[in-house]
Structures are given as structure tokens and as C-alpha cells.
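Here is the structure we will look at.
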Amino acid sequence: MNTPTIETERLILRKFTERDLEALFLILQDEEVNKFLPWYPVKSMEETRKFYEERYASKYAQAQASTPSV
């Protein structure tokens with residue numbers, strides 16, 4: 001879950017940060033976007049912050065497991 005940053009010419013995939021909360025709220029409040037996901041749409045920024053802290057920030061804070069060399 002310790003998401004590495006992956007960058008291409010047209011795309012950057014990276015960890016969420018607190019600066020992303022407004023964008024995350026826009027995604028998580030949309031019922032159509034969340035229709036088949038295992039959580040309910042959020043109703044407030046407070047719920048979004050809680051979602052971020054539980055699902056992302058707490059996981060990012062955990063030590064990254066080392067992977068065996070091939």
C-alpha cells in the first residue's frame with residue numbers, strides 16, 4: 001500500500017495528500033462514480049478527511065514491507 005510514484009509523459013500516479021481532499025470529496029460524493037464500490041458516497045469534507053485518514057494516511061504511515069530479491 002506504500003504507493004510508489006509512477007510518472008509517464010502524460011500521467012503521474014502518486015500517493016494522496018491532504019491537498020487532494022477537495023478533489024477526493026468531489027469523487028467520493030458522486031453516487032454514480034461510487035455505485036459499485038464497497039463504500040457509500042460521502043456527504044461532507046469531514047467524512048472525506050476521515051476516509052482519507054483511515055484508508056490512505058494510516059496505510060502510508062506503516063513501514064513498507066521489503067520484497068524479496070529475484
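In what follows, residues are counted from 1 in the order of the sequence shown.
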Before you tell me yes or no, could you show the steps for L24 and Y52 under side-chain contact (heavy atoms from CB on, under 4.5 Å), namely the whole-Å CA-CA distance, both residues' side-chain angles and the distance that decides it to 0.1 Å?
CA-CA 8 Å; L24 190 57; Y52 164 76; 4.1 Å; yes
Give a yes or no answer on whether the side chain of Q29 reaches the backbone of F25 with a donor-acceptor pair at less than 3.5 Å.
no
Cluster link Y40 to F51, ILVMFWY, side chain under 4.5 Å
no
With L13, which residues qualify under side chain to side chain contact (heavy atoms under 4.5 Å, CB included), at least two apart?
I6, L11
Side-chain donor or acceptor of T48 paired with backbone N/O of L21 under 3.5 Å
no
Would I27 and M45 show up in the same hydrophobic cluster when neighbours are defined by side-chain heavy atoms closer than 4.5 Å?
no
Begin with the C-alpha distance, continue with both residues' side-chain angles, and end with the deciding distance and a verdict on side-chain contact (heavy atoms from CB on, under 4.5 Å) for W39 and L28.
CA-CA 9 Å; W39 50 76; L28 294 176; 3.7 Å; yes
Main-chain N/O of T17 paired with Y60 side-chain donor or acceptor, under 3.5 Å
no
Applying salt bridge (Lys or Arg N to Asp or Glu O under 4.0 Å) as the test, list every pair that has at least one member in residues 16-35; sequence neighbours left out.
R14-D20, E18-R49
